[in-house]
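Remarks on the structure that follows.
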Protein chains: 2
Amino acid sequence: MKKLSRSLENYIEAVFIVSKEYGKCRVTDIQKKLKVSKPSIVNALSILKKKKLLFQEKYGLIYLTESGLKTAKKIYKKHTTILKFLENIFDLRAVKAEKIACDMEHIIDKKIQNKMEKILKNFNPEVKKILYGEKDETFAIKRG
Amino acid sequence: MKKLSRSLENYIEAVFIVSKEYGKCRVTDIQKKLKVSKPSIVNALSILKKKKLLFQEKYGLIYLTESGLKTAKKIYKKHTTILKFLENIFDLRAVKAEKIACDMEHIIDKKIQNKMEKILKNFNPEVKKILYGEKDETFAIKRG
DNA sequence: ATTCTATGTTAGAATAAACTAACTTTTATA
DNA sequence: TATAAAAGTTAGTTTATTCTAACATAGAAT
């Protein structure tokens with residue numbers, strides 16, 4: 001399946017998050033999440049339907065297909081990893097980190113995501129000090 | 001001045017890099033760099049001219065204005081910082097890092113750039129091991 | 001000087017993604 | 001049940017960015 005555009009990735013991710021948070025998803029919910037007009041959403045949904053990534057009851061609820069769910073989960077996981085990385089490693093505040101993660105998730109690939117996860121797993125205030133050179137780790141080198 | 005689009009940032013950056021590398025810049029040079037059609041370049045240049053970021057001799061060489069140079073340098077600096085970060089911290093190969101940096105440079109802000117620079121300044125193989133948890137730094141914590 | 005080739009430009013079309021305005025369907029409520 | 005409000009859809013427009021094809025100009029080579 002051809003890679004989704006940045007825009008379509010955002011829509012399918014929104015469907016996933018809204019469904020997760022509210023237990024269901026309608027056009028209006030996506031509107032609140034993404035702050036775009038309803039026709040824009042309808043248009044995006046029609047493309048995602050053609051790609052069999054989701055379906056919708058007439059004038060009603062939106063559901064991800066199995067393959068849509070798989071796709072959305074990947075994007076969402078990447079999003080949360082990037083978010084944590086921005087907050088923890090770069091000290092970004094939640095709101096700003098959220099915005100930047102939203103853009104970065106369409107760029108970062110699996111390899112970088114894995115590296116981020118590995119770093120986060122092991123991250124703590126001491127590692128942070130060393131990373132930013134606020135602590136001399138040379139003695140650690142000598143003993144390492 | 002309104003923020004440039006991703007696309008226009010790429011064009012002005014290309015003008016900067018080509019000028020730096022060849023001492024001059026023509027449409028064809030940009031074409032080689034960006035791999036887009038000439039009309040696309042001409043179109044982008046016409047917008048950047050309107051914004052007084054560059055000018056061009058008739059059928060000839062392209063020059064950045066003072067403000068264009070300032071803008072381009074900012075983008076380029078951000079690009080090289082991201083590139084180094086991707087190569088050093090995430091072990092990306094040059095070609096791939098280059099591609100991703102090209103996308104990231106339009107997203108990352110000054111604050112993140114500064115953090116990246118600070119981290120890079122201080123980075124070495126030992127810090128890297130600690131970052132990825134390949135070395136136990138607990139003794140460093142206890143003595144810190 | 002004329003002609004060939006590089007390079008640069010214009011015109012017109014395609015695509016993606018957004019919008020507003022108007023319309024339809026569904027749901028809630030009086 | 002009739003009507004009002006909310007939700008969803010359609011039609012048509014706009015903007016940004018790209019493209020191909022056709023054309024214009026400049027510089028090099030004969």
Side-chain angles (χ1 to χ4, degrees), chain A residues 1-15 17-19 21-51 53-64 71-72 75 99 102-103 105-107, chain B residues 1-15 17-19 21-51 53-64 71-72 75 99 102-103 105-107:
Chain A
M1 187 71 87
K2 210 180 139 248
K3 211 177 156 296
L4 293 178
S5 70
R6 200 169 291 238
S7 169
L8 290 177
E9 281 197 358
N10 277 332
Y11 283 108
I12 198 171
E13 189 187 18
V15 172
I17 294 172
V18 166
S19 301
E21 286 179 0
Y22 295 94
K24 61 196 162 82
C25 177
R26 287 167 308 165
V27 170
T28 304
D29 300 320
I30 301 174
Q31 186 172 30
K32 279 171 199 154
K33 187 101 202 149
L34 296 185
K35 285 159 195 170
V36 291
S37 72
K38 281 190 284 185
S40 298
I41 297 164
V42 169
N43 175 59
L45 292 179
S46 83
I47 296 167
L48 295 171
K49 281 172 200 169
K50 275 181 208 150
K51 292 179 185 290
L53 294 170
L54 55 78
F55 56 95
Q56 182 179 19
E57 293 167 352
K58 257 190 190 153
Y59 289 90
L61 297 181
I62 299 151
Y63 302 94
L64 293 174
T71 303
I75 298 163
K99 275 181 200 159
C102 232
D103 286 331
E105 73 195 21
H106 313 293
I107 290 171
Chain B
M1 186 70 88
K2 211 180 138 247
K3 211 176 155 296
L4 292 178
S5 71
R6 200 169 291 238
S7 170
L8 291 177
E9 281 196 358
N10 277 332
Y11 283 108
I12 198 171
E13 189 187 18
V15 172
I17 294 172
V18 166
S19 301
E21 287 179 359
Y22 295 94
K24 60 194 163 83
C25 177
R26 288 167 306 163
V27 170
T28 304
D29 301 319
I30 302 174
Q31 185 172 31
K32 278 170 199 156
K33 187 102 202 147
L34 296 185
K35 284 159 194 170
V36 291
S37 72
K38 280 189 287 186
S40 299
I41 297 163
V42 170
N43 174 59
L45 292 178
S46 83
I47 297 167
L48 295 171
K49 281 171 201 169
K50 275 182 207 149
K51 292 179 186 290
L53 294 170
L54 56 79
F55 56 95
Q56 182 180 18
E57 293 167 353
K58 258 192 187 148
Y59 289 89
L61 297 181
I62 298 151
Y63 302 95
L64 294 174
T71 303
I75 298 164
K99 275 182 200 158
C102 231
D103 286 330
E105 73 194 19
H106 313 293
I107 290 170

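Order of the sequence lines sets the chain letters (A, B, ...), proteins ahead of strands, with each chain counted from 1.
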Please work out whether C/dA13 sits syn or anti, treating a glycosidic angle within 90° of 0 as syn.
anti
Roughly, in whole Å, what's the span from [atom1] in [X] to [atom2] in [N]?
{"X": "B/K35", "N": "D/dC19", "atom1": "NZ", "atom2": "C1'", "result": "18 Å"}
{"X": "B/K32", "N": "C/dT7", "atom1": "NZ", "atom2": "P", "result": "6 Å"}
{"X": "B/L48", "N": "D/dT17", "atom1": "CG", "atom2": "P", "result": "10 Å"}
{"X": "B/Y59", "N": "C/dT5", "atom1": "OH", "atom2": "P", "result": "20 Å"}
{"X": "A/N10", "N": "C/dA18", "atom1": "CG", "atom2": "C1'", "result": "13 Å"}
{"X": "A/L45", "N": "C/dA16", "atom1": "CG", "atom2": "P", "result": "17 Å"}
{"X": "A/L61", "N": "C/dT25", "atom1": "CG", "atom2": "C1'", "result": "15 Å"}
{"X": "A/R6", "N": "C/dA18", "atom1": "CZ", "atom2": "C1'", "result": "16 Å"}

Whether the side chain of A/N10 engages the backbone of A/S7 through a donor-acceptor N/O pair (distance < 3.5 Å, no angle test) should be reported.
no
Please state whether the phosphate of [N], meaning OP1 or OP2, lies under 4.0 angstrom from any side-chain nitrogen or oxygen of [X].
{"X": "B/Q56", "N": "C/dT9", "value": "yes"}
{"X": "B/S40", "N": "D/dC19", "value": "yes"}
{"X": "A/T28", "N": "D/dA6", "value": "no"}
{"X": "A/Y11", "N": "C/dA16", "value": "no"}
{"X": "A/S5", "N": "C/dA16", "value": "no"}

Over all atoms of both residues, closest heavy-atom pair of B/I62 and B/R26
CD1-C, 3.7 Å
So what does A/S7 hit on the nucleic acid, given a heavy-atom distance under 4.0 Å: a base, only sugar-phosphate, or nothing?
sugar-phosphate
Would you indicate what A/Q31 reaches in the nucleic acid, counting non-hydrogen atoms under 4.0 angstrom: base, sugar-phosphate, or nothing?
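Counting heavy atoms under 4.0 Å across all strands, no contact is made by A/Q31.
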What is the pairing partner of D/dT25, taking Watson-Crick or G-U wobble pairs with both distances under 3.5 Å in any strand?
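Looking at the geometry, D/dT25 pairs with no nucleotide.
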Between A/V36 and B/V42, the residue closer to the 5' end of DNA chain C by nearest nucleotide is B/V42
Report the C-alpha separation of A/V36 and A/Y11 in whole Å, then their side-chain angles, then the decisive distance to 0.1 Å, and conclude whether the side-chain contact (heavy atoms from CB on, under 4.5 Å) test is met.
CA-CA 10 Å; A/V36 291; A/Y11 283 108; 3.6 Å; yes
Can you identify which nucleotide, out of D/dT9, D/dT17, C/dT7, has its nearest atom closest to the B/N43 side chain?
D/dT17
Counting only side-chain heavy atoms from C-beta out, which of C/dT20, C/dA17, C/dG8 sits nearest to A/P39?
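Of the candidates, C/dT20 comes closest.
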Taking it one step at a time, do B/V18 and B/K32 satisfy side-chain contact (heavy atoms from CB on, under 4.5 Å)?
CA-CA 10 Å; B/V18 166; B/K32 278 170 199 156; over 6 Å; no
Between OG1 of B/T28 and CD1 of B/I41, what distance do you get to the nearest 0.5 Å?
7.5 Å
